[in-house]
Amino acid sequence: MILIKTEPELDLMRKSGAILKAAFLEVGRMIRPGVTTGELDRVAEDTILSGGGIPAFKGYQGFPACICASVNEEVVHGIPGPRRLENGDIIGIDMGAIYEGFYSDATRTYAVGDVPEETLRLIKVTKEALDLGIDKARPGNHLSDISHAIQAHAEGSGYSVVRVLVGHGIGRRMHEDPQIPNFGPAGYGPVLKAGMVLAIEPMVNAGGSDVLTLGDKWTFVTVDGKLSCHFEDTVAVTNDGPEIMTR
Ligand code: MG
């Protein structure tokens with residue numbers, strides 16, 4: 001069942017999203033060659049806590065950190081630690097906050113130093129795919145309109161979308177109904193209504209769509225070792241159109 005949020009609930013989700021925005025601002029400033037993913041994690045946690053939020057990922061099903069830090073061929077759920085970013089890397093930072101019991105969830109992928117043009121294009125296309133998906137988050141549309149918009153843009157640009165990981169509803173829990181695949185034909189699934197809140201999150205691979213999990217049981221990587229890029233925002237469906245709560 002897809003829960004419809006009340007206006008006071010949406011307000012709490014906006015505040016939760018604002019806490020995340022502040023954390024991304026601080027983390028984004030630190031992205032450079034030589035910084036460790038563990039340092040990024042500490043800054044994110046400090047910023048979320050000082051904003052009055054709780055880091056949503058830390059302890060979630062045993063996850064040990066505040067952020068997921070996924071570098072290059074890592075798709076999602078990378079564990080931050082002593083790894084130092086190198087010139088030419090890309091890093092996806094995924095984090096969540098809880099405010100007054102309400103979750104927000106977002107991801108940004110950053111280029112580290114000087115990154116090849118083709119890598120910048122992957123980042124650009126993934127961000128565009130997210131924006132095109134978000135634009136379909138309107139009352140009266142079908143859920144799979146979002147999925148299809150993402151897939152069409154990613155594949156139309158010569159990339160693939162990850163199939164085994166999906167976006168999700170969000171609210172008092174990080175993962176609520178519905179699941180939001182990043183692929184599929186338009187016009188299927190539930191009809192969207194004002195008050196639904198969705199975490200839309202395309203994961204776009206430069207090569208094939210297949211992924212696997214590393215021995216740490218968390219980190220997903222591409223099977224072919226090629227780059228993967230991830231963007232995510234928490235989006236409310238409103239009668240005035242999509243409201244991005246994490247941007
Ligand atoms: Mg998510």
Side-chain angles (χ1 to χ4, degrees), residues 2-3 5 12-14 16-21 23-24 27 40-41 44-45 48 53-70 74-80 91-99 101-110 126-127 129-134 136-137 143-144 146-147 149-151 154 161-184 189 192 196-205 211 213 218-221 228-237 242-247:
I2 306 177
L3 299 172
K5 275 73 182 180
L12 295 175
M13 296 196 75
R14 287 180 188 109
S16 184
I19 291 166
L20 264 197
K21 277 190 274 188
F24 275 111
V27 169
L40 301 177
D41 184 61
E45 180 162 8
I48 290 172
I54 299 167
F57 292 3
K58 199 165 191 174
Y60 184 83
Q61 296 182 356
F63 191 76
C66 170
I67 65 170
C68 297
S70 306
E74 295 174 355
V75 180
V76 289
H77 304 170
I79 299 172
I91 179 167
I93 306 279
D94 189 351
M95 54 182 155
I98 313 167
Y99 179 78
F102 281 89
Y103 285 76
S104 53
D105 188 3
T107 307
R108 307 277 180 262
T109 293
Y110 301 92
T126 307
K127 174 86 178 342
L130 172 60
D131 287 343
L132 290 164
I134 288 172
K136 298 294 183 186
L143 183 71
S144 84
I146 296 171
S147 312
I150 289 168
Q151 181 184 24
V161 291
V162 174
R163 307 244 167 177
V164 298
L165 297 154
V166 296
H168 49 95
I170 183 167
R172 284 190 186 277
R173 297 172 62 185
M174 186 144 67
H175 298 112
E176 295 183 352
D177 285 342
Q179 294 197 348
I180 312 170
N182 294 304
F183 62 94
L192 301 179
M196 293 178 176
V197 185
L198 308 172
I200 303 172
E201 50 178 320
M203 288 147 266
V204 176
N205 291 352
V211 298
T213 320
W218 280 105
T219 313
F220 280 85
V221 296
S228 185
C229 185
H230 183 202
F231 279 90
E232 176 180 23
D233 277 300
T234 296
V235 179
V237 178
E243 177 187 346
I244 307 175
M245 298 172 138
T246 43
R247 216 183 275 178

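Note that ligands are numbered from 1 as they come in the structure, with each ligand's atoms numbered from 1 the same way.
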- Query: In a check of side-chain hydrogen bond (donor to acceptor under 3.5 Å, both in side chains) between H230 and each of E74, E201, R108, which one passes?
  - Reply: E201
- Task: Name the orientation class of the two ring planes belonging to Y110 and F24 (parallel below 30°, tilted from 30 to 60°, perpendicular beyond 60°).
- Result: tilted
I'd like the atom name of the N/O/S atom in [X] lying closest to the Mg ion (ligand 1).
X: D105; result: OD2
X: E201; result: OE2
X: H168; result: NE2
X: E232; result: OE2

- Query: Quick one: OG1 on T234 to CZ on R247, what's the gap to the nearest 0.5 Å?
  - Reply: 11.0 Å
- D94 backbone or side-chain N/O/S under 2.8 Å from the Mg ion (ligand 1): no
- Item | V211, T107, V162, V164 screened by side chain to side chain contact (heavy atoms under 4.5 Å, CB included) with M203, the one that passes | V162
- N182 versus L165, closest heavy-atom pair with distance: ND2-O, 4.0 Å
